[in-house]
Amino acid sequence: MKKIFYIILLFLFVLVNIIQAQDVILKGIIIEEGTSEPLPGVNIIIKGANIGTPSDLEGRFSIKTKENDVLVFTCLGFQTQEVKVGKNRVLNIQLKPSVSELEEVVVVGYGTQSKISVTGSISTIKTDELKQSAVVNLSNAIAGRVSGVVTKMISGQPGNDDSKIFIRGLGTLNDNSPLILVDGVERSFNQIDADDIETFSVMKDASATAVYGVRGANGVILVTTKRGKVGKPVVSFSIQGSIQTPIRTAKPLDAYNYALLKNEAIRNDNNGLAPGNENYYYSSDEDLQHYLLGDSPFTHPNNNLIDMFMSKTIPQAQTNLNVRGGNNIVKYFMSLGYLYQDGIYKQYKNQDYSTNASYNRINLRSNLDFTISKSTEVGIDLNSSFRSRHNIGVSSRFSGESTNPEYNNMFELLMRQPANYSPLINPDGTYGNGKNATIYNPLQIVQDGGYYHLNQDVLQGTFTLNQKLNFITKGLNLKAMIGVNSFLATEQSLSERPFMIEYDKYGKYTNNVLSEQLAIINSGTDNDWQRIYSEISLNYSRKFGDHAFSALSLYNQSQNFEKSQVPTGYLGFVGRATYGYKNKYLGEINVGYNGSNQFAKGHRYGLFPAFSLGWVLSEEGFWKKNIKSIDFFKFKGSYGEVGNDKIGGYSYYYIQTYNNGNANFGNYNFGITPQSYSGLLEGKLGNDQVTWERARKTNIGLEMRLLDGKMSFEGNYFYEDRRDILLDFSSVPMVLGIGTPPGNIGRVKNTGGELELSWNDKIEKFNYFIRGNISCAKNVIIENGEAVQKYSWMAREGQSIGQHYGLVALGLFMSQEEIDQSPTHIGNVKIGDIKYMDLNEDGVIDEYDERPIGNSNIPKVQYGATVGFEYKGFDMSVLWQGAALFDVYFSNGAVWEFRDGGNVFEHHSGRFNPEDPSTWANATYPRLHDGNFPNNHRKSTYWLKNGNYLRLKNIEVGYALSKKLLSKLPVSKLRFYVSGTNLLTFDNQMTFDPETENERAYNYPQMAQYTLGVNIQF
Amino acid sequence: MRKIIYIFVIMLFVTLQSCQDDGAGLLDKAESGDITEEQIFSEGALAKRFLNNVYSRLPKGYFRFGATNPVYLGVTTDEGQQAHLGLLTQALWFNTGTWNAANPSELPAWKYAWTAIRPANKIIENIDKVPLSEQEGITEASKLQMKTEARMLRAIFYAELLKSYGGVPIIKRQLTQFDEELYTPRSTFDQTVDFIVSECDSCALILPANNRVSDPVNFGRMTAMAAKALKARVLLYAARPLFNDPENTNRIIAGEYDPMKWERAAIAGWEAIKFAEENDYSLYVDSDPKESYRKLFITRGTSEEIITYIRSSKHRECEARQLPLRFHNTGNDKGGGFTLPSLSLVESYEMKNGINIYQNGSGWDPQNPYINRDQRFYSSIYYNQSKYKTYTFEIYDKEPGSNVTPGVDFFTDVVNTGFYLRKFIDETINPNNGAAFHNHLFLRYAEVLLNYAEAANMAFGPYNDHFGDGKTAKWAVDQVRARALQPQLPVGMSTDSMYVRIKNESKVEFAFEEHRFYDCRHWKETKPFTEVKLQTITKKDNGSFKYGEAVRSRVFRAPTMFLLPIPIDDISNAKYIQNPGW
């Protein structure tokens, strides 16, 4: 009876409530599931009413509701939860962190999309992965971590170590570098503090890049920086210290072996005879004895320059302090980063200045979002970066090389100056020097050679206005943005050269070598430029039942002002419409319409459309019924056109201009007493037809998630047909008498694919993951405007971009008979010299016998794999990275013996010695020559090396203190870690890193790095 | 649904609004101060500057091959030898026979000439547009003068093409890259000659006779003398065996065979000589006659210069590149002397008595070979024990088995010819930091005389006074010999033996002046390209020298290599007929 009474009472109560439908105030706390962490900034919305409120710093909220309302709780990084209000007056909500990638949002051009609805090809890197390598330059952190990206780190110089990045390999004979946008504005990401980065995405296919129109064909990298979140301020502090060490350095021979080989080379060139006269370069037995014993260091020096001047342990330190938080009015993220990277040279005393290479960087970032009204948000971002790079002075020049200090010819000097060249300090205390007037003394360079100093100041500001236009219709949004970039680089250099004097092996001073140059200070602006970018857009996004619909319309323009250049300008219109039915059938249209001032009127605008479709099979009824193990399965495909206008900046190819003459051409002299008259030269002809390149791109992809999300897989196949590549008309007869302007004549096809595979699982508390990716891309030049070649193998068409060409070496000549029977080689060829194949069988080895050899210099395949686990606060991850199918060509002083008065290296020990038949069969290097020998020293298969490599790119081991331990400390998170970068390399190179590109290999070496660091969060 | 339509209308409106602007302003190139096509012939000053450009493309002489350590064109003939074989110059390709249509990058005669012909054409076509201006000195007369200079320069570049390739396409206006005329086929050899000759004839009527005298500040500009001398040169080329060959029916590379071509050349030569005599041109003679020949090359504005490339400044390249390292600190660490004269050249210098060293009665002593030779030998060659300033050249190896030290100017790692090149060197300057005039004498009066001698000998015989004024072939050679202080040629020679003497005179007189490379081809002589003789010198214990000779052989394929190949790209692009064999 009692029960019945209660029931009636309840019914009554409900009834009354329904009748009244009274507003009730609902209050509650939101916490993260399984913890007691309150969640601030969760959006609580009444479904269908567009009324909402965020949770406060303690995770509390209160909202006016009706009983039959449904509340929707959304928060980035957590699964959305819907709760019926019912009778509740207090609701304690636990939000599950979103483990499913289905909830993930990815950044797309001019917006974001839920990952599930993406039909283009986009890859992302997790930001904690970017931080892992402890790199200074972010472009060096992406190798192996993302599919579809080829990277090449050419140099390790502090502050000057940008990797080359190519998305999906090479598609054009012109500039292949991708467009890079940071927070929506074209900016470099290399020097951003890794702690500031929120997302890093790579746009690969036409669907993803068409909105960038004329600038998207090489792919686009979008980086966004962290922004404020509602919540109490979270202060993060990280500090790390590293030791760097060169991966490889050259291995020159010591003085004794140098002298032995030099003697041999001189005899080789002299028909086996020792020179009769007293040859400075020829060492007598007595000389050799001195070199061996080292008993006369002034007359017979044995300088191990690499050890003397290059340090093996180079310190580096990096720290970042940032604070992130916000309330209903303002959200903020502010970050301060500092970096110091030391240089490789050992320090020698100098009272006035440092000559060592170094790099300092201060990054300051402040991203603020103001909520002006319920429908209006304003963002103000300021970012500045102050970088200073220091290096040795400009006088570190090696014979015949460029004087550009950034070439860092010090390495060449250390590598190529023979060990017995001269004492660094003469007995009388002066700096020593040898016979060759153009070679400098490395000791003088590091002690008194001056310095080169470059300051780069970057200031960037972005102002954003976000206005919801719900009063017109729900889901309509207006966004306006102005971004300003300013870059200023000033340089200062001091060059000086104290007196150097030759002290030779006979103990004789000769003072005619290099005279003293007094200190000269130079300073000036190295570069400065400004870019002003603005955009205004309307965004519309709404769901009608099962139909999801979005549209974007955007106008943007940008102007570049660069030192002593004519300003350039772009403008563009962007349109996008997407449609999704039940997250099952997806369609998208992207259009870019661009104008550029690089072209003549009438050729300035181009339209770049792209279409894509997606089909999520796993949403189909039959799939859900039958295929349980595959949770998600999507087919996607896209086709579209994208442009590339990187055709050499500031080149107005449609205009012909005239240039002032110079001493060689143009200017002339008349008169018996000559008087100089200036001349005018006709510049390249104009071509008013010039326009941008156009890429037709097709992408077909498959996404899968299996076994409750433990495993995921994505595969993409792409095909690109790049047309209208701007190239010089090499097929115009020279009778024209002048350089022709480029025309849109080239065509390249590029095909390839990518696979990404990952596995996440846990065994009790042991969480582990495996991720791998592999990308390949192969291009073929279809048309490059070249003349018809005399022999088919000389044609560049049909080959890859960057394909090596050269002679085919058949080994070394083993007998005079063999030489006599062979085609004519260049120069005085003897046994031990390289024998080549006479392709056209005309009896002469010449250009007609050069054909494609090996692969191109850009890897066709790049891959990476990461394995990691987390257990009771310990975590570890290991990244392997590699590249395959490319060849590296080193030449000149890097490889060839005694080149331009240069050195010999370990690899010369395996030479063919005509005087010693025992070396003949297994010689790994041709007969030595004292100087340049045209037959051997030319590009051929003999010097080409397979570039394939596999690298242990990174290992990181960390330990995070448990909550229990932390509760006694005023910190909320504390993690220690050690990491190592570039720890092992397996490859086929002898002396140089496989990523080094310069044929002379005088780059600053690539570094291995060992890091110890700590992250603290308050 | 209606709302959606509204939204689209708004979006469309925004887009169109911004489209209407056409981006003018933003997308127009900013003013940059560049000189454009329209401006160039609207201002006299600019047009004048543009003409300077054509002059600056005259052949510069001297260092043809190599960038940092260059050598002369002469090292590809028996005049000399490139000392350092390790220096990869184009000369090595020539001497090993490995040059071809794909690699003549450092002897860019083809491309180079077209690059000069284009601006000349541009002036000829457009100079009439230049507005008259008293201030800028633009009058109808000065415009005609500029136009004629451009025509004359154009004729020079066509003559350069002719001597290397034979007949070439004749382009008389400036072309665009889409012009059909770019694909004009090669003219015949005779047409090319006729074009040059008729241009020279018309220019001679307009240009001043001798601006050295009449207008010294414009010395170096084209003259009527230049027109007459070039005409005579081209007609001589046309009469020579390579281009006037009864066996050769390829009209592009050879003219219609006509023995009268010698006479035509002789008449043009005689006219040039007459014109020179009337207008103050003569062989240069110094106050010290022994120095005449040597000083000719280091003195400016002599009466002998007809077409000269005037260098922008003084320099010491000749001194630094020709002298061994001990005298300067320039260049390769193994010593200078990149271009070394050969024994093949040295043996061509007669004795002072006018007799060839190998002939009976010359009085030449093979073990004391350098005494009593033609004065031009001493002016052109440094030999063992000769002097540069106060230094003595020590160009010898040690005699095998002796205890002598080899000479300081003898190097184990170069091709020692036994000589260094003295011609062109100004010994008054310091080769370390001094500078001297080194203008290239592209066409000088001595050549006019020898060209005439060659034609007249073939047309009329050595001693036939065809014009009745005593200007026989022998007379012309004797003029050149007299300046060199050599005795007159003997009487009683046949035309053939006279021809040999004229060729030898030419070899000696024009050594390293870029004539022999072409002349021997035109004469169809192969030996100068297949071998070069070197002097070997060793010193004995008793201090005496032993002189011998060595021969280096070179690769030359006749008749293919008598002409240069047209670059392979143009053959395939313009479908020109390639010279045979290439």
Side-chain angles (χ1 to χ4, degrees), chain A residues 269-270 275-277 435-437 473 476 538 540 553 555 557 566-567 569 571 573 595 597 604 652 656-658 661 663 665-672 674 676-682 685 729 731-738 740 787-788 790 826-827 844 846-847 901 930-934, chain B residues 3 7 11 14-15 18 23 26-30 32 34-37 40 46 49-50 52-53 55-56 85-86 88 92 96 98 100 102-103 110-111 114-115 117-119 169 171 175 177 182 216-221 300-301 310 312 329 333 397-398 405-406 412-413 568-570 572-574:
Chain A
D269 285 341
N270 201 23
N277 61 343
K435 264 268 182 288
N436 192 334
T473 185
L476 187 67
L538 277 175
Y540 177 71
S553 161
Y555 168 79
Q557 67 173 52
V566 181
L571 57 80
F573 307 102
N597 76 342
R604 284 184 181 163
Y652 291 84
Q656 184 184 19
T657 53
Y658 287 78
F665 291 112
N667 300 348
Y668 199 66
N669 310 272
F670 296 109
I672 289 180
S676 179
Y677 296 89
S678 68
L680 270 185
L681 302 169
E682 197 179 3
L685 288 175
F729 286 101
S731 60
V732 175
M734 294 176 204
V735 167
L736 181 65
I738 194 164
T740 49
V788 181
K790 185 158 181 173
I826 299 156
V844 178
D846 57 13
E847 280 81 356
D930 182 21
N932 309 344
F933 188 70
Chain B
K3 278 180 178 168
I7 295 161
M11 284 181 171
V14 170
T15 311
S18 24
L26 182 74
L27 294 194
D28 280 333
K29 189 190 173 204
S32 57
D34 293 337
I35 297 165
T36 59
E37 184 81 27
I40 191 125
L46 295 180
R49 287 178 62 193
F50 196 66
N52 295 342
N53 174 21
Y55 274 101
S56 74
L85 296 180
L88 189 53
L92 283 188
T96 52
T98 54
N100 57 47
N103 73 7
W110 180 261
K111 187 175 180 181
W114 294 115
T115 314
I117 288 168
R118 178 186 175 86
I171 309 292
L175 308 178
Q177 75 246 45
L182 279 176
V217 293
N218 279 317
F219 172 76
R221 289 189 185 277
R300 284 192 71 113
I310 303 181
S312 58
N329 62 5
D333 60 344
D397 200 354
K398 67 167 187 173
T405 321
T412 54
D413 49 1
I568 183 84
D569 282 359
D570 268 12
S572 43
N573 291 330

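Lettering follows sequence order; numbering is per chain, from 1.
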field: Portion of B:Pro119 that has a non-hydrogen atom of chain A nearer than 4.5 angstrom
entry: neither

Over all heavy atoms of both residues, which pair between [X] and [Y] is shortest? Give the atoms and the distance, please.
{"X": "A:Val732", "Y": "B:Asp570", "answer": "O-OD1, 4.2 Å"}
{"X": "A:Asp846", "Y": "B:Asn100", "answer": "OD2-ND2, 2.8 Å"}
{"X": "B:Phe50", "Y": "A:Leu680", "answer": "CD1-O, 3.4 Å"}
{"X": "A:Tyr668", "Y": "B:Ser56", "answer": "CD1-CA, 3.6 Å"}
{"X": "A:Val735", "Y": "B:Pro169", "answer": "CG2-CG, 4.4 Å"}
{"X": "B:Leu92", "Y": "A:Pro934", "answer": "CD1-CG, 3.9 Å"}

- request: Mind ranking A:Ile738, A:Val844, A:Asn667 by heavy-atom pairs under 4.5 Å with chain B and telling me who comes out on top?
  value: A:Ile738

- line: Most contact-rich option vs chain A, by heavy-atom pairs under 4.5 angstrom, among B:Ile171, B:Leu46, B:Asn53, is B:Asn53

message: Once rounded to the nearest 0.5 Å, what's the spacing between atom CD1 of B:Ile568 and atom CD of A:Glu847?
response: 11.5 Å

task: Give, for atom CG of B:Asn573 and atom CG of A:Leu736, the distance between the pair rounded to the nearest 0.5 Å.
output: 11.5 Å

- prompt: Would you call the rings of B:Tyr55 and A:Phe670 parallel, tilted or perpendicular, where under 30° means parallel and over 60° means perpendicular?
  reply: perpendicular

message: B:Phe219 vs A:Asn669, test: side-chain contact (heavy atoms from CB on, under 4.5 Å). Steps then yes/no.
response: CA-CA 9 Å; B:Phe219 172 76; A:Asn669 310 272; over 6 Å; no

task: Tell me, for A:Leu685 versus chain B, whether the close heavy atoms (under 4.5 Å) come from the side chain, the backbone, both or neither.
output: side chain

Structural part of A:Ser678 lying under 4.5 Å from a heavy atom of chain B: both

